[in-house]
Amino acid sequence: MHAIGIDIGGTKIAGALVDEAGTIIRSDRQPTTPGNPDAIEDAVVAMIRGLSEGEEVVAAGVAAAGFIDSAQSTVYYAPNISWRNEPFRDKLEARLDLPIVIENDANAAGWAEFRFGAGRPYTDMVTLTVGTGVGGAIVTGNALFRGGFGAGAELGHLRLVPDGLPCGCGAHGCLEQYGSGRALLRIANEFADAGGIGLGLAAVRERRGKLTGKEVGRLIQDGDGGARAALRQLGSSLGQGCASLGAVLDPQVFVFGGGVAAAGDLLLEPIRAAYLEYLPARGYHPEAEFAIAQLVNDAGVVGAADLARIHAVR
């Protein structure tokens, strides 16, 4: 029972034909044109048709960043595409002979981890995708949580620091400003400015003209003191956020994906330490597990396909 998953990103559209076990049968990829919604629609339609050719496909799921309504139909708002109250499912179904499901990209990736990756042994899971920003997904009682309006689980906008750094969402002090890849670069530059353990970071910045996520990641793996201190500071912020989420959601496991999660245990250690430090009623509250996501770049298409298949079967 095959389904198609499409993941619309800021720079590319990825698509895959996926079986019931979450295995990708074949895939496709095209560049995104964020300022042209009609071109994106055409590209998605063409990709679904191409991946469907010669196959029995029950449904297609489309994942995109933004707020999606509870009916998995309308995109209220997308930060990277000019979509505002866009009836995207209706538009696609008018052109395709398939049931379509629209889903938030972090929800789709989190669902893939729950079904086929690091979340398989659990019934309740929180996923945090640590990339340029911080995305989130919540699974509770084996079901994906979306909220009353469909726009829930925006975990990167949990308030971490009262009157803290301004966030693109309009608030101040959001977790995203302290626990994202962008935050890691800011912290690394602060260490480079301060000297001391930041001298290695400063040397790379001077040689390259600026620090990049790739360079900071390399320094972390090489054991550079400043880069690892920046990662520990970032992990501490994420751990504090996990303690608050744990008090509300009581997950069995926190799963971390995104580019920064490539640091593996070097990221999980400070997260776990801060979580335990800030966990309410520690010693009397069961403690969650922590894991790195397993599906990496395939999570979005696999999760979107699986959610579409489940929707079609029901």
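This is a predicted model, so every value here is computed, not measured. Hydrogens, waters and symmetry mates are skipped; everything else that's a heavy atom, side chains included, is used.
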Determine whether [X] and [Y] make a side-chain contact, defined as any pair of heavy atoms from C-beta on separated by less than 4.5 Å.
{"X": "Leu234", "Y": "Ser237", "answer": "no"}
{"X": "Asp69", "Y": "Tyr76", "answer": "yes"}
{"X": "Phe116", "Y": "Val302", "answer": "yes"}
{"X": "Glu56", "Y": "His2", "answer": "no"}
{"X": "Cys167", "Y": "His157", "answer": "yes"}

Where the side chain of [X] meets the backbone of [Y], is there a donor-acceptor pair that is under 3.5 Å apart?
{"X": "Ser70", "Y": "Gly150", "result": "no"}
{"X": "Glu113", "Y": "Leu295", "result": "yes"}
{"X": "Arg29", "Y": "Gly15", "result": "no"}
{"X": "Asp250", "Y": "Gly246", "result": "no"}
{"X": "Asn104", "Y": "Ile68", "result": "no"}
{"X": "Thr23", "Y": "Asp19", "result": "no"}
{"X": "Arg115", "Y": "Leu307", "result": "no"}
{"X": "Arg120", "Y": "Gly117", "result": "yes"}
{"X": "Ser180", "Y": "Glu176", "result": "yes"}
{"X": "Arg205", "Y": "Gly200", "result": "no"}

Tell me the closest heavy-atom pair linking [X] and [Y], and the distance in Å.
{"X": "Phe256", "Y": "Val130", "result": "CD2-CG2, 4.1 Å"}
{"X": "Val260", "Y": "Leu231", "result": "CG1-CD1, 4.1 Å"}
{"X": "Ala299", "Y": "Ala112", "result": "O-CB, 3.3 Å"}
{"X": "Gly179", "Y": "Leu238", "result": "O-CD2, 3.6 Å"}
{"X": "Gly5", "Y": "Ala305", "result": "N-CB, 3.6 Å"}
{"X": "Val58", "Y": "Ala3", "result": "CG2-CB, 4.5 Å"}

**OP:** Test side-chain contact (heavy atoms from CB on, under 4.5 Å) on Glu55 and Ile4 and set out the steps.
**Re:** CA-CA 10 Å; Glu55 302 286 348; Ile4 290 170; over 6 Å; no
Gap separating the [atom1] atom of [X] from the [atom2] atom of [Y], nearest 0.5 angstrom:
{"X": "Leu17", "Y": "Ile25", "atom1": "CG", "atom2": "CD1", "answer": "6.0 Å"}
{"X": "Ile6", "Y": "Asp105", "atom1": "CD1", "atom2": "CG", "answer": "14.0 Å"}
{"X": "Ser27", "Y": "Leu51", "atom1": "OG", "atom2": "CG", "answer": "8.0 Å"}
{"X": "Ile138", "Y": "Leu249", "atom1": "CD1", "atom2": "CG", "answer": "4.5 Å"}
{"X": "Arg232", "Y": "Ile220", "atom1": "CZ", "atom2": "CD1", "answer": "10.0 Å"}

Hphob cluster co-occupancy, [X] + [Y], side-chain heavy atoms under 4.5 angstrom:
{"X": "Phe254", "Y": "Leu266", "answer": "yes"}
{"X": "Val255", "Y": "Leu268", "answer": "no"}
{"X": "Tyr178", "Y": "Leu158", "answer": "yes"}
{"X": "Val216", "Y": "Val134", "answer": "yes"}
{"X": "Leu175", "Y": "Ile187", "answer": "yes"}

Residues [X] and [Y] bridged, charged N to O under 4.0 Å:
{"X": "Arg218", "Y": "Asp222", "result": "yes"}
{"X": "Glu53", "Y": "Arg49", "result": "no"}
{"X": "Glu20", "Y": "Arg309", "result": "no"}

**OP:** Decide yes or no on side-chain contact (heavy atoms from CB on, under 4.5 Å) for Asp124 and Val139, but give the supporting numbers first.
**Re:** CA-CA 5 Å; Asp124 290 73; Val139 175; over 6 Å; no
**OP:** Please test Val161 against Cys174 for side-chain contact (heavy atoms from CB on, under 4.5 Å), starting from the C-alpha separation and ending with a verdict.
**Re:** CA-CA 7 Å; Val161 179; Cys174 293; over 6 Å; no
Which donor-acceptor pairs under 3.5 Å do side chains of residues 37-47 form with protein atoms, sequence neighbours excluded?
unit_1: Glu41; atom_1: OE2; unit_2: Arg95; atom_2: NH1; d: 3.0
unit_1: Asp42; atom_1: OD1; unit_2: Arg95; atom_2: NH1; d: 2.9
unit_1: Asp42; atom_1: OD1; unit_2: Arg95; atom_2: NH2; d: 3.2

Original post:
Should the heavy atoms of other residues, nucleotides or ligands under 6.0 Å from CG of Asn36 be counted, would the total exceed 12?
Top reply: yes
Original post:
In terms of heavy-atom contacts, does CG of Asp163 have more than 12 from other residues, nucleotides or ligands at under 6.0 Å?
Top reply: no
Subject >> Audit row: Trp83, Tyr77, ring-ring contact (aromatic ring centres under 6.0 Å, His included) steps and yes/no >> reply: CA-CA 6 Å; Trp83 283 338; Tyr77 167 81; over 10 Å; no
Original post:
After noting the C-alpha distance and the side-chain angles of Lys91 and Glu86, does the key distance pass the side-chain contact (heavy atoms from CB on, under 4.5 Å) rule?
Top reply: CA-CA 9 Å; Lys91 287 187 173 183; Glu86 177 76 8; 2.8 Å; yes
**OP:** With sequence neighbours excluded, give me every side chain to side chain donor-acceptor pair (under 3.5 Å) pair touching residues 252-278.
**Re:** Thr123-Gln252
Subject >> No-hydrogen, no-angle side-chain donor-acceptor test under 3.5 Å, Asn107 and Arg146 >> reply: no
Original post:
With respect to Leu155, which candidate in Leu245, Thr129, Thr127 satisfies the side-chain contact (heavy atoms from CB on, under 4.5 Å) definition?
Top reply: Leu245
